[in-house]
There are 2 protein chains.
Amino acid sequence: MEETAATTAGASTGGAQSALEIVRTRSLSSLVAQEIERLILSGALAAGERLNEQQLATRLGVSRGPVREAVRGLERSGLVVAVRNQGSYVRQVSADEALEIYDLRAALTGLACARLAETATPQQVAALRALVKRMDEARKADEPPAYYAANLEFHAALLAFGSGPRARRLYEELGNELHLFRRRALVQPENMRESNAEHAAILRAIAAGDATAARAAGETHIAGGKRRFQATDTSTPHPGKSGQAAQKGDNGHDGQDDRPPRPARGRLGARRGAARAR
Amino acid sequence: MEETAATTAGASTGGAQSALEIVRTRSLSSLVAQEIERLILSGALAAGERLNEQQLATRLGVSRGPVREAVRGLERSGLVVAVRNQGSYVRQVSADEALEIYDLRAALTGLACARLAETATPQQVAALRALVKRMDEARKADEPPAYYAANLEFHAALLAFGSGPRARRLYEELGNELHLFRRRALVQPENMRESNAEHAAILRAIAAGDATAARAAGETHIAGGKRRFQATDTSTPHPGKSGQAAQKGDNGHDGQDDRPPRPARGRLGARRGAARAR
DNA sequence: CGACTGTCATCTGTCAACAGTTTGCGCCCG
DNA sequence: CGGGCGCAAACTGTTGACAGATGACAGTCG
């Protein structure tokens with residue numbers, strides 16, 4: 001999180017008094033979009049929650065224009081959904097959508113691994129090996145946050161080494177969408193062990209230069225993550241009636257990408273209550 | 001060309017009776033975004049061209065606000081790039097980015113084919129077979145547009161049958177980005193024959209229920225498209241110096257996704273000349 | 001004659017205000 | 001006492017206007 005802010009500031013000026021300097025370089029809309037995205041991904045704005053433009057504007061100290069532009073960008077990016085004259089809501093990802101995203105990530109990871117098996121430099125292999133080692137140590141020390149961070153780094157490195165910038169960005173976006181599914185810490189000891197064993201398998205195949213094996217290992221790893229995800233989740237085993245799965249099942253229309261925008265308004269009469277600001 | 005002007009005029013002034021009704025349901029921003037996207041993809045707005053907000057606003061008969069929101073969405077979507085206080089430009093896709101997009105599409109298509117091989121219904125297989133037949137007839141009749149349309153339909157059906165809505169949307173977005181690379185009609189007789197033979201191979205594997213073969217066939221097909229694309233293109237064989245490849249090679253910074261925003265402004269002093277409107 | 005600097009027009013970024021619509025609440029009627 | 005109706009408030013959609021910045025052009029000096 002703070003690394004994001006740091007890199008942004010570092011890219012522009014590198015200083016601390018950056019607030020005014022950043023505004024001179026990046027548009028306010030992009031800043032607002034970045035902030036809202038951070039709020040969403042950090043969980044401060046829960047999935048299904050409604051976005052009040054004016055409230056966000058006053059909260060960020062800007063007018064409604066930049067907020068609107070930012071929300072529109074996030075809508076296009078798939079993080080929020082908007083309906084006319086009603087507002088924007090943080091997108092809710094259904095269970096089967098999450099599973100589909102896992103499949104896409106698997107394909108992307110497999111692609112990167114296969115390519116990396118043919119083009120990896122010794123430095124890259126060493127970097128990956130170091131990350132696997134870090135994860136192993138974090139697992140032994142029972143430090144899930146450290147493991148989680150190293151895990152993210154490992155996958156990012158995989159994509160960075162084995163694929164182009166487009167694939168990297170796509171992978172990141174898919175990861176963000178996955179974050180929308182549900183707030184949950186799914187790191188458990190046995191999961192960490194199993195997951196890191198798969199990491200090691202990926203690394204072995206890459207080091208051996210076996211493209212097909214590397215690809216299979218990468219896909220298996222993401223599939224394993226999907227399986228662990230399914231095991232942790234409660235809604236998937238009962239596809240008809242429970243949790244968010246019902247969202248997708250209830251609407252009868254064909255599988256268009258537009259989303260029923262009134263999913264999570266069930267009980268919350270917070271529209272008026274939250275408007276106390278100003 | 002003329003189709004562009006016609007549809008543009010129809011969208012702005014009131015081609016159908018529903019123009020006012022549509023505005024009641026869809027936001028103006030989304031309409032503008034759709035229109036600008038169409039302009040870009042149809043080639044009316046060339047790659048690298050600058051987008052004048054006021055000009056677009058008057059042309060579409062709206063204010064600058066919706067135009068700005070639309071452009072921001074398109075920026076997030078990857079079709080345009082924006083720089084502060086300078087404007088937005090239609091994104092230019094470099095040659096290696098196009099190749100990378102081909103790889104991503106191959107992975108997506110392979111995924112859909114593999115899944116479809118296991119879940120295809122007889123109706124779906126029949127629909128795909130009909131499309132292959134249509135393409136074959138279009139090829140024999142030497143009608144590239146018909147072939148092109150059926151080809152698009154075939155791939156869309158593949159994704160629609162074999163993958164979820166997220167993958168379908170992603171595939172479409174990647175296709176749009178690919179359209180940005182260069183305006184060109186790359187359909188040639190031998191290409192059509194080869195391409196459709198690969199379609200038939202995909203269909204055979206799906207009908208046989210062989211997931212791995214279907215996946216391989218799907219990936220091979222997209223790889224073939226990539227190869228044909230490379231053969232048609234002139235810049236790829238000389239990766240150091242020619243055409244758009246130089247864009248990516250020249251800028252020395254690391255492979256970030258942000259784009260040098262001043263590529264195509266080389267000669268055009270049209271900034272003043274084009275401002276005659278109003 | 002060339003390079004530099006000052007000026008100006010255009011465009012983008014941002015803001016405040018207006019109009020339309022949806023929604024929640026209270027009231028009246030059956 | 002329950003249901004339907006009308007009113008009002010809030011919010012979104014859209015517009016117009018203002019300030020800052022960028023780039024180009026012209027004039028001037030070495």
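A note on names: the letters A, B, ... follow the listed sequences, proteins ahead of strands, and every chain is numbered from 1.
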- Whole-Å gap separating C1' (dC15(C)) and CD (E53(A)): 14 Å
- Note on the structure: Against the side chain of S27(B), the closest entry in dT14(D), dC15(C), dT12(D) is dT14(D)
- Message: In this structure, how many angstroms lie between the P atom of dA9(C) and the CD atom of Q54(B), rounded?
- Response: 17 Å
- Message: Let me check the geometry of the helix from dC1(C)-dG30(D) to dG30(C)-dC1(D). What is the bend angle between the axes at its two ends, five pairs each, to 10°?
- Response: 0°
- Using atom CD of Q55(B) as one end and atom P of dT10(C) as the other, report the distance to the nearest whole Å. 14 Å
- Message: I'd like to know whether I40(A) forms a side-chain contact (heavy atoms from CB on, under 4.5 Å) with V80(A), so could you lay out the CA-CA distance, the side-chain angles of the two residues, the decisive distance to 0.1 Å, and finally the verdict.
- Response: CA-CA 9 Å; I40(A) 292 178; V80(A) 306; 3.8 Å; yes
- Message: Less than 4.0 angstrom between a side-chain N/O of S63(B) and OP1 or OP2 of dG13(D), yes or no?
- Response: no
- Query: Starting at CZ of R64(A) and ending at C1' of dA16(C), how long is that distance when rounded to a whole Å?
  - Reply: 10 Å
- Item | Closest to side chain of P66(A), choosing from dT14(D), dC11(D), dT14(C) | dT14(C)
- L158(A) to A112(A) - nearest heavy-atom pair and separation: O-CB, 3.8 Å
- Message: Need one value for G65(B): base, sugar-phosphate or nothing, where a base atom within 4.0 Å counts as base even if backbone is also close, heavy atoms only.
- Response: base
- Message: Please enumerate all residues that pass side chain to side chain donor-acceptor pair (under 3.5 Å) together with S88(A), with sequence neighbours excluded.
- Response: none
- Tell me, please, which residues at least two apart from Q34(B) pass side chain to side chain donor-acceptor pair (under 3.5 Å). none
- Length of the line joining E69(A):CD and dT12(C):C1', which is rounded to integer Å: 10 Å
- Task: In whole angstrom, give the distance that lies between atom CZ of R84(B) and atom P of dT12(C).
- Result: 13 Å
- Note on the structure: Considering only heavy side-chain atoms of R72(A), the closest of dG13(D), dG16(D), dT12(D) is dG13(D)
- Query: Taking only residues two or more places apart in sequence or in another chain, which ones pass side chain to side chain donor-acceptor pair (under 3.5 Å) with E172(B)?
  - Reply: none
- Query: Rounding to a whole Å, what distance do you find between N85(B):CG and dT12(C):P?
  - Reply: 10 Å
- Message: According to salt bridge (charged side-chain N to carboxylate O under 4.0 Å, His left out), who are the partners of E53(A), at least two apart in sequence or on a separate chain?
- Response: R64(A), R68(A)
- Query: Under the salt bridge (charged side-chain N to carboxylate O under 4.0 Å, His left out) test, which residues partner E75(A), sequence neighbours left out?
  - Reply: R72(A)
- Could you work out which one of dC15(C), dT15(D), dT12(D) sits closest to the side chain of N52(A)? dT12(D)
- Item | Any R50(A) side-chain nitrogen or oxygen under 4.0 Å from OP1 or OP2 of dT12(D) | yes
- Message: Rounded to whole Å, how long is the line connecting atom CZ of R68(A) with atom C1' of dT12(D)?
- Response: 6 Å
